[in-house]
Each structure stands twice: as structure tokens, then as C-alpha cells.
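A quick write-up on the structure given underneath.
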Amino acid sequence: MRISTSHIFNQNLTSMLNQQAELSRTQQQLSTGKRILNPSDDPAGSVEILNLQREFNLMEQNLANADKAENKLVIEEGVLESSTNILQRVRELAIQGLNDTNSLSERSAIAQEMNQLNEQLLGLANTRDSSGNYIFSGFKNDVQPYASISAAYDGDSGQRNMQVGVGVLVETNDPGNEVFEAQHIQTRVADNNAPPAVGPVSSSQINITATAQQGPIDFPITLTYDSVAGELTITDAAVPANTATVNPYIAGQSIELNQLDVDFPDLTVQLDGTLADGDSYTIDTQVTPAQTLFRTINDFATALSTNSVGSNDSPNNGEFLTNISTAMETIVGARAELGARMNGIDQQRQVNEGISFNMEKTISSIQDLDYAEAISRLTQQSTGLQAAQQSFARVQNLSLFNFL
Amino acid sequence: MTDLLNLGTTALSATQTALSTTSHNISNINTEGYSRQRAEFATHPANFEGGFYVGSGVNISTVERMFDNFLAVQVRVYTSQEAQLDTFNQFARQLDDLLSTPELSVSKGMEDFFNAVHEVANDPTSIPARQVMLSQAEIFTSRLNTLDQQLESFKDQVNSGLDVIVKDINVMSKSISNLNQAIIDASGGGAVPPNDLLDQRDQILNELSALVSVDTTVQDDGSINVFIGNGQALVVGNTQLDLSLIPNPTDPLQQDIGYGASQINVTKQITGGQIGGLLSVRSDVILSAQTELDNMAAGVASVFNEQHQKGITLSGSLGGEFFTVPTIGTVDAGNIRVALTDARDIAVGLPVSIQNNVANAGTGQIEIKSVDGTTPFSGVPPTYPSTNLSFSFDGTNYTITDNLTTETASFAYDPSSQSGLTVDLASLVWSGGTPPDLTVTISGVPQVTDTFALQSVDLTGIAVGDNRNALAMADIQTSKTLDPNGTGSNTHSFGDVLGVLVANVATRTHQSEAGQKTQQGLLDQTKLRYETVSGVNLDEEAANLIKFQQAYQAAAQIIKTANTIFDTLLRVV
């Protein structure tokens with residue numbers, strides 16, 4: 001077969017140019033460290049990278065969100081821990097103050113400390129985060145949740161979620177009214193004796209001498225004295241009503257209501273003074289579903305400073321200890337939930353980190369260069385180019401004209 | 001003796017012609033399109049003398065052009081195909097590069113934008129976070145705009161490429177028609193082939209086939225007719241028809257190809273060559289990428305705006321358009337812009353909230369899952385009464401009352417098995433009025449008589465820390481909100497559509513690259529075969545040179561012999 005001289009030349013040239021292009025591509029791969037320089041190098045791979053990178057980016061954002069959410073929860077937990085400590089101290093002071101050996105001045109001093117602690121507690125409820133937003137006012141985080149000791153909650157019940165995983169939202173705040181407000185109970189005694197139109201006013205009075213009642217009284221209980229029979233009738237407001245009688249009843253006699261009927265509250269009462277016919281008293285519990293801690297503490301401190309915390313006093317502030325326990329349970333419950341959320345975040349973070357680590361690995365395996373392979377390819381290609389150049393020089397010298 | 005002299009002279013002149021032809025071949029070793037020529041020797045007709053035929057020497061019957069028309073046609077076909085794919089690849093690769101440039105990456109722009117939405121959700125009152133969201137949105141839209149401009153400039157490049165090519169084709173077809181005439185004149189009716197003119201014409205045809213795919217038919221008089229497309233004659237004998245550029249009937253910014261004086265649109269018929277490459281890269285890559293990009297921009301604008309408009313801004317009004325919707329036409333990649341300028345106008349909260357009654361004894365919860373319309377229920381945006389919808393639980397059913405219209409509806413809820421129940425309030429049977437456009441999630445164990453109030457937010461005391469709409473907006477990134485294939489249901493997220501766009505361009509680029517290599521290989525092989533016939537080999541020519549030189553020397557010896565014989569004779573006389 002005859003081959004045209006210019007074709008030999010062109011073919012050699014083209015082959016060298018091609019090898020140079022390949023070499024430069026390998027060189028570019030080596031200098032960038034990437035196997036895929038353009039999407040067209042591996043269309044399927046590059047679309048996969050695009051998708052993986054989007055997911056990876058989202059995971060990173062979720063991880064960043066988780067850090068922020070955890071920061072917020074840590075701040076809140078710190079506040080709740082301090083609040084628990086303050087309440088603990090308030091409770092100790094209350095126990096100390098309720099001791100009847102205290103003088104008025106001692107009680108005033110205790111009340112003063114309590115007010116101080118109450119102010120601190122209010123400050124904690126009005127905590128702001130680093131951006132100056134109140135953390136306990138729900139969505140209305142520019143509004144101070146409790147303007148004063150006696151103020152009602154000004155925030156709303158909004159709970160801000162943050163996305164810490166695909167479809168995983170975590171609540172990052174608690175509205176103040178779910179943390180600093182709790183059920184408040186108070187035993188009240190009502191004197192049903194209407195002042196008689198004529199004659200002396202009844203001089204009797206009811207005293208609660210001991211209480212073992214836990215929580216509110218289920219049904220208001222009424223004690224009525226019948227002077228003819230010398231009998232005290234005790235009825236509650238249950239349907240049907242439970243009734244018991246004490247006959248004879250002598251003024252000053254102490255009765256344990258619970259002993260008369262198991263459905264009666266666990267109270268020990270006595271009627272003192274001169275009993276008149278038809279004297280009647282009702283004992284019930286006033287239940288406020290949610291009262292701020294600040295008001296509860298403040299009311300008690302006020303009562304303490306005026307020395308009106310005896311078992312005889314109505315309202316009987318002795319239930320303060322029950323109320324403060326309920327409040328502490330609320331806060332402890334909120335802390336437990338915070339802990340659960342933080343655990344949830346940690347677990348989600350581990351999941352996210354695992355996923356993003358795997359994604360990074362996959363992205364790398366698709367996109368990154370196998371250096372060993374690339375370097376050996378580079379060597380091979382440069383050897384090939386060299387051979388092409390040398391043989392070109394050789395072949396070009398071969399011509400019959402050289403011998404003429 | 002005279003015979004001998006004559007005979008020697010014919011040999012001298014024939015070998016001289018052969019030497020000239022060989023020298024001509026050597027001289028044209030580097031001439032593009034040159035075909036090797038060969039002087040054909042033929043014996044001179046013999047004389048009948050004394051009962052015998054005595055040879056009377058040699059002559060050159062013809063100077064033959066070594067040419068295989070079949071191979072020449074094949075070279076042109078492969079040239080056309082290779083040029084088409086090469087041009088296609090050059091443009092597709094540019095777009096491919098563009099899509100892989102990190103600074104221009106739309107998908108990165110979108111990721112950054114949605115990350116900024118997350119940051120706003122994390123800290124809804126932060127004005128800096130809101131500013132970042134606006135500026136990331138601007139970066140995102142400007143990337144779409146830039147990419148669209150690039151695609152427009154590709155279209156311009158295609159137009160100017162077509163302009164140059166059409167002019168070149170016209171010049172070449174004119175040359176071919178002129179050469180046709182010259183060949184008819186020179187060949188004297190096809191008897192004597194004008195080899196070098198034929199080479200010139202074949203070379204122009206080769207160049208023409210790199211621009212557009214051509215069909216040729218050779219006529220008896222030596223002229224050649226050239227056709228493009230499906231039979232449009234470009235050259236017939238010595239006449240020629242012009243191609244021209246005409247504006248596309250639907251998009252005047254696109255140039256189409258017109259044929260002849262009446263400028264018939266032949267764009268669809270033309271294939272092959274650079275012109276075919278330009279036309280196919282325009283329709284298959286540039287225009288389709290632009291359509292995909294436009295659809296995505298329109299989708300982003302409408303889906304994001306829809307969610308944004310359900311939210312409420314820091315100043316207490318319902319969210320407006322986040323991305324500008326033009327009054328005329330639709331949103332596309334070229335005109336998508338961020339409508340908001342004030343970071344406070346980003347609608348991050350929802351206009352409705354649910355308040356649990358503090359007296360509720362149960363653990364029941366009602367949460368708003370989604371606000372489905374811009375006016376979720378009567379009186380929103382707020383005209384109060386502050387409690388617009390109230391929910392109460394009676395042990396088996398939740399009853400909802402619209403306190404403004406007093407219309408009611410109810411649905412069953414079993415706390416033991418249905419916690420997490422999603423209820424679309426609009427789908428319930430209402431006693432009258434317009435059902436609320438809301439979906440709520442019911443969970444937990446409510447106690448009998450527990451109530452919940454669903455109210456529109458209080459304009460005077462906006463809940464600035466509400467991030468529910470921001471979360472909903474951030475969620476758009478991964479939701480399937482677009483239906484690019486027209487399946488009737490949403491199958492693609494924004495990112496998926498971008499992936500499809502990149503994949504399409506990458507695949508086309510990859511295909512054209514592979515195709516170009518294949519065609520290049522075929523072209524090289526065919527050229528080799530063509531060159532085997534028509535190319536000049538210097539060694540062969542050197543050998544011929546020696547051969548003819550020796551033949552010339554031998555012929556000179558004939559003359560010398562004749563001379564010697566003549567001298568001998570003279571001496572005798």
C-alpha cells in the first residue's frame with residue numbers, strides 16, 4: 001500500500017497533538033485533585049455530586065441549627081436551674097418562718113429575704129438572650145413576659161421550632177406561663193352566720209387546728225350546729241352528699257373530719273366560743289389553675305411580715321409549701337423536657353454527622369482523583385508522547401531523496 | 001534512420017512529459033487538495049513496412065489524475081458530520097463550563113439562600129439575618145440572570161456564526177459555479193480532463209462540506225451540481241443560488257436560513273457541517289437549557305411567593321411578593337428579581353396562633369400545620385373578636401366554632417389511637433359560611449371540656465419571635481413543588497430541576513464529544529484511503545524520477561546510435 005508523504009506527516013502531528021491534550025488533561029486533574037473537571041466528563045456522576053452536595057449542605061445547616069438550638073436550651077436550662085435553687089431557698093425560708101417560735105421581727109426579716117429572692121426570680125423569668133430577646137415570652141419575644149411581681153403574663157404560647165434534621169423540629173423555647181405559673185390552692189373558711197336581726201351576735205368561730213390534706217378539698221364541706229340536739233352536722237357538697245354528726249358536740253372539741261367519713265378532707269377542726277343554734281361554717285379550697293410564682297411568694301411574704309401565717313389564719317398560708325412544691329414540680333418537669341429535647345438534638349446530631357460523613361466520602365469517591373492511578377497515567381502518557389516525538393523525527397529523515 | 005531518430009525523439013519527449021509530471025507531483029507535495037498525476041505511456045501506432053509492423057516509438061496518451069470519486073464523496077460526508085459535532089461540542093462545552101463554574105453556580109446560590117432562610121427561622125427578630133436572606137436571594141436571582149444572559153449571548157454567537165457561514169457558503173458556491181464553467185471550457189466537452197481545475201473544485205467542495213452537508217452529481221460535460229438539505233440546488237452548472245439569514249417567525253432574535261431569492265425558510269432541512277452544528281446546539285442545548293431555567297425561575301417565584309404571602313411581616317401586614325412578578329408576561333430566569341427591599345417586610349410569622357386554655361387539664365395540643373390560603377378564616381388579617389375559632393373537646397369529638405360567623409363543624413378524635421391526626425379544616429362539613437383555610441395537627445390526650453382558641457395575631461402586639469412561616473419557607477427547598485415533565489403531580493424539587501438541567505447539558509456535551517471522536521476516526525481512515533489513491537509519496541516520485549531519467553538517457557542513446565549509424569554511412573559514401 002502506498003502512503004502519501006504528507007499524510008504520514010499529518011498523522012504523526014495529530015497523534016502528538018492528541019497525546020499532548022491527554023497529558024494536559026491529566027496534568028489538570030492532578031493540579032486540581034479532581035477526577036471530574038466538567039460535568040460532561042461524567043454526567044451521571046456530576047449530577048449525583050450535585051444532589052449529594054445539596055443534601056450535604058442541608059445536613060451541615062441542620063448541624064448548625066442543632067448547635068444554635070442547643071445553645072438556646074442550655075441558656076434556658078441554666079435559668080431553670082437557678083430558679084429551682086431560688087425556690088428551694090424560698091421553701092427553706094418558709095419552713096423557718098412558719099415556725100411559731102419566730103417573733104414578728106424575725107418573720108419580717110425572713111419576708112424581706114423572700115422578697116429579695118422573688119425579685120431575682122422575676123429577673124430570671126425576664127431573661128433575655130444574646131440578641132436581647134426575652135426567652136420566656138413565646139413568639140412575642142420583644143415583650144417582657146412579666147412586667148412586675150403582680151403582673152400577668154404578657155407573652156403568648158408560641159414555641160419556636162428549629163429544624164435539626166430532615167423533618168425533625170425541636171422546640172427551642174417555653175412560654176413563661178408554662179414554667180413560672182402553677183396551680184395554686186388555698187383553703188378558705190366562710191362564716192355562714194348571718195348577723196341576727198336582734199340579739200347578740202354569735203361569738204363562735206372555727207379553727208383548723210391541723211391539716212394533713214394533700215391538694216385541694218374535693219367538695220366544700222359545711223359544719224352546722226344544732227343547739228337543741230347539741231349536735232354538729234357535717235355535710236359535703238358531693239352528690240349524693242356525705243353526712244356525719246357529732247353528738248354531743250361541746251365547744252372546743254376537736255374533730256378529725258377524715259375519721260368521721262373517708263370522703264371528708266383530712267382536716268382537724270374545732271369550734272370555739274359560745275355556740276349558737278344554726279351556727280354554720282363552710283370550708284373549701286380556692287383553686288387557681290395558674291398563678292404566677294411571684295404572686296404566690298409575694299402573698300406569703302406579705303402574710304409573714306404581718307405575722308398572719310398561723311393555722312388559724314384565713315386564708316391559711318400554711319398551704320404555701322404545697323403550692324411551692326407544685327411550682328417546683330412544674331419547673332422540674334420543664335427541665336426534664338429540656339433534657340429530653342437536648343438528648344434528641346444529640347441523637348439527631350449523631351445521625352446527621354454519620355450521614356454527612358458518608359456523603360462526604362461518597363462525594364469524594366465520585367469526584368476526587370485517584371492520585372496513584374493519575375500519576376501512573378501521566379508517566380505513561382509522557383512516555384507515549386516522547387516516543388511519538390522521537391519516532392516522528394526518525395521517520396521524517398527517511399526519504400529516498402537523501403540518497404540521490 | 002529517420003525512423004530511428006523519430007523514434008528516439010518520441011521517447012525523449014514522452015519521458016520529458018513524465019519527468020514534468022513527476023516534478024509537478026513533487027512540487028505540489030504540500031498543496032492542499034492536490035491529486036497525484038501520472039503520465040500514461042502508449043506505444044505509437046506501428047508502421048507496416050515490408051510485410052511487418054515496425055514499432056514507431058512512444059507517446060503520452062494522457063496525464064491521469066489519480067482520483068476516486070467514491071472516496072472523495074465519503075470524505076465529504078464524514079467531514080460534514082465531524083464538523084457538525086465539533087461545532088456542537090464547542091458550544092455545549094462552553095455551557096458545560098459555565099454550569100460548573102462555582103462563582104456562577106445557581107445550585108450553590110440556591111443552597112446559600114435557603115441556608116439564610118434557616119438562619120432567619122433560627123433568629124426571626126434579627127434584622128441582620130433577614131438582611132442576609134435578602135442579599136442571598138439577590139445573589140441567587142442575579143446568578144439566574146447571569147446564566148440567562150450567557151445563554152442569550154450564546155444565541156448571539158450562533159447568529160453571528162450563521163452569518164459568517166452563510167456568506168462563506170455563498171462565496172464557495174459562486175466559485176464552484178465559476179470553476180464549472182472553466183472546466184467545461186477547458187475540457188472541450190469532457191475529452192481532456194483539466195486536472196488542476198478539478199482539484200481546485202474538489203478542494204472547495206471539501207471546504208464547503210465542512211460548512212454544510214452537500215450532495216453532488218457530476219454531469220457529462222464535467223460540471224458538478226451541488227445540493228443541500230433535501231434537494232435544494234446550490235449550484236447547477238454555471239448558475240448558483242444564495243443562502244441568506246432571515247429572522248425566526250416566533251423569535252425574531254433568532255436567525256433562520258433562507259434559500260434563494262424568495263428566502264424560503266430551509267432551517268429545518270439543513271443538516272451537517274458547522275451550520276448544522278450551530279442549528280442543533282441552539283435547539284437542543286441552548287434553547288432547552290433556557291426553557292428549563294425559565295421554568296425553574298417561574299416555579300421558584302410562584303412557590304416561594306405563595307408561601308411568603310401566607311406569612312406576616314414585622315410590621316403586621318400579610319407578606320407581599322418576595323420575588324417580583326412582572327405585570328406583563330411571566331417570571332423567567334432573565335427577569336426574576338427580589339421584590340423586597342426592607343428586611344422587615346419578610347413574612348416570617350404566621351397570621352394565626354393557637355392558645356391553649358390555661359385551665360385545660362389534659363395534655364391535648366392543637367398546632368397549626370399549614371395556612372392554606374392568604375385569608376385562613378373570617379377576620380384575618382385581624383378585625384377581631386380576638387378569638388376567631390375555638391376548639392372544644394367533649395370526649396369523642398372536637399367542635400370548632402367560628403366566633404365571628406358562629407358557624408360550627410366537628411370531627412372525631414380518639415386520643416388513644418389518633419394522636420398526631422392532621423385535619424384540613426376546609427374539608428370538614430360546616431354549618432354554613434366559608435370554611436377556614438387551615439390545616440391543624442391534633443395530638444395528646446385532652447380532657448373533657450378542654451378548649452383551645454385559634455386567633456389571628458394581634459396587630460398591635462405582633463409576635464415578632466414567630467418563625468413558623470420561615471420554617472415553612474425553608475422547607476420548600478426539599479419539597480417536590482415542580483412538575484417539569486407535566487405528569488400532573490409535583491415530582492421535582494428546585495434542586496432536582498437544576499440537576500436535570502446540568503445532566504442534560506453534560507450528557508449532550510459528552511455525547512457530542514464521543515460522536516466527534518468517532519467521526520474524526522472515520523474521517524481519518526477515509527482520508528487515509530483517499531490519500532492512498534490521490535496523495536503524493538516522495539519516495540515513489542524519487543524512484544520515478546530515477547526511472548524516467550534513465551529512460552531519457554536511454555532515449556538519448558537512441559539518437560546517438562542513429563547519429564553513429566548515419567556517420568558510418570556517410571563515411572562509406
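Chain A is the first sequence line, chain B the second, and so forth, proteins listed ahead of strands; every chain is numbered from 1. Bear in mind that the values here come from a model prediction, so they are computed numbers and not experimental data.
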Under 4.5 Å from any heavy atom of chain B, what part of [X] do you find: side chain, backbone, both or neither?
X        : answer
A:Ser399 : both
A:Leu169 : side chain
A:Asp41  : both
A:Ile8   : neither
A:Pro289 : side chain
A:Asn133 : side chain

Where on [X] is there a heavy atom nearer than 4.5 Å to chain A: the side chain, the backbone, both, or neither?
X        : result
B:Thr532 : both
B:Asp496 : both
B:Ser512 : neither
B:Glu367 : side chain
B:Ala470 : neither
B:Ile26  : side chain
B:Arg508 : neither
B:Val533 : backbone
B:Ser479 : neither
B:Leu528 : both
B:Glu531 : both
B:Ile29  : both

Quiz item: Does the side chain of B:Glu111 pick up a donor-acceptor pair with the side chain of B:Gln477 at under 3.5 Å?
Solution: no
Quiz item: For A:Lys68 and B:Glu119, what are the C-alpha separation, side-chain angles and deciding distance, and is it a salt bridge (Lys or Arg N to Asp or Glu O under 4.0 Å)?
Solution: CA-CA 10 Å; A:Lys68 289 199 174 127; B:Glu119 292 302 331; 2.4 Å; yes
Self-check item: Max heavy-atom pair count under 4.5 Å with chain B, selected residue of A:Val47, A:Asn57, A:Leu58
Solution: A:Asn57
Practice problem: Report the option among A:Asn62, A:Asn38, A:Val166 that has the most heavy-atom pairs separated by less than 4.5 Å from atoms of chain B. | Solution: A:Asn38
Quiz prompt | Best-contacting candidate, B:Asn122, B:Asp539, B:Val502, against chain A by heavy atom pairs under 4.5 angstrom | solution = B:Asn122
Practice problem: Identify which of B:Ser100, B:Ala506, B:Ala92 forms the greatest number of heavy-atom pairs closer than 4.5 Å to chain A. | Solution: B:Ala506
